[in-house]
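Source: prediction; values computed, not measured. Both ligands and their constituent atoms are indexed starting at 1 by order of listing.
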Amino acid sequence: MNNPKNKRKTPNLDSSIRLGVNVDHVGTLRNARGGSHPDPFLAAHVAAEAGADIITVHLREDRRHILDDDVSRLIHESNLSINMEMAATEEMASIAITNPPSAICLVPEQRQELTTEGGLDVVGQLPYLTKFIGSLSEAGIKVTTFVDPDEQQVEASLNAGANAVELHVGTYCESYDRGHASQNEFKRVVSASRYATNNGLECHAGHGLNYGSAAIIAKIGQITELNIGHFLIGEAVFTGLGDVVTKMRRVIDLARTS
Ligand code: PXP
């Protein structure tokens with residue numbers, strides 16, 4: 001691997017792991033009827049009360065779930081730590097700079113996709129993303145890039161000025177859900193996470209996690225934050241959001257310490 005331009009100090013790794021709860025699909029349900037119920041703002045508070053450290057929301061270009069007003073209320077009317085996922089567009093940069101969240105995660109976005117289908121191609125857009133991340137950093141915003149577990153993408157994120165990477169663990173989680181957890185994919189996640197932290201980047205993970213796969217990914221000591229949405233909101237239908245978040249909290253804390 002080439003020498004990353006911005007080699008930094010290795011971040012402190014401790015045994016704790018942060019849980020980010022993505023409340024986008026509370027917005028999906030609300031928008032199905034066009035009213036105000038269920039309210040992602042309220043869901044965010046229930047999740048935080050039950051053990052979430054961070055609330056994650058993805059303000060998509062098509063506003064299919066989270067709306068501008070949700071973001072604004074979460075940032076200005078709560079003291080929760082808000083991680084805003086967004087595409088690297090001028091429109092989103094202007095929203096983020098006007099209403100700075102605690103952190104931003106840059107994701108690729110295609111209009112027709114059901115969900116974020118892959119990691120951001122930081123290697124292929126390095127000059128553009130370096131400038132884009134630079135303008136957010138100047139505004140004092142911490143920036144994460146959502147990338148495939150690939151050392152070249154991690155290295156490019158470092159060179160683009162990101163503070164952290166979130167590894168897309170969807171391929172691993174899909175294999176886990178099919179009953180044949182891919183050891184190959186798991187090794188890619190481990191080695192990308194080591195590469196990130198050895199070069200001074202914080203390392204997070206997300207996409208497709210459930211109780212079982214989260215318990216495995218949480219064992220990787222380099223990973224300090226998990227962002228989980230669809231599974232938690234889906235399970236909440238059966239047992240309630242508070243119960244589900246508390247259970248996930250327990251699962252990842254246990255994985256971390258055992
Ligand atoms: N992290 C990122 C960057 C995402 O785009 C998503 C999906 O919005 C998630 C985490 C959560 O994935 P899931 O809903 O599959 O748990």
Checklist line | Min side-chain heavy-atom separation Ile223-Arg18 under 4.5 Å | finding: no
Taking only heavy atoms of [X], which atoms of ligand 1 are found under 4.0 Å from at least one of them?
X	value
Ile228	16 (O)
His230	13 (P), 14 (O), 16 (O)
Asn227	10 (C), 11 (C)
Val107	3 (C)
Asn22	8 (O)

Evaluate [X] for polar contact with ligand 1, using N/O atom pairs at a separation under 3.5 Å.
X	answer
Gly208	yes
Gly229	yes
His25	no

Notebook entry, point to check: For ligand 1, which part of Glu166 has a heavy atom less than 4.0 Å away: the side chain, the backbone, both, or neither?
Noted result: side chain
Just checking, any donor-acceptor pair under 3.5 angstrom between side chains of [X] and [Y]?
X	Y	value
Glu202	Asn163	no
Glu109	His58	yes
Ser72	Asp69	no
Glu225	Asn227	yes

Next item on the list: Could you tell me whether Arg73 and Asp68 have a side-chain N and a carboxylate O separated by less than 4.0 Å?
Entry: no
Check: Counting heavy atoms only, which of Glu225, His204, Glu85, Glu109 is nearest atom 9 (C) of ligand 1?
Finding: Glu85
Checklist line | Point-to-point distance, once rounded to the nearest 0.5 Å, from CZ of Phe41 to CG of Asp70 | finding: 10.0 Å
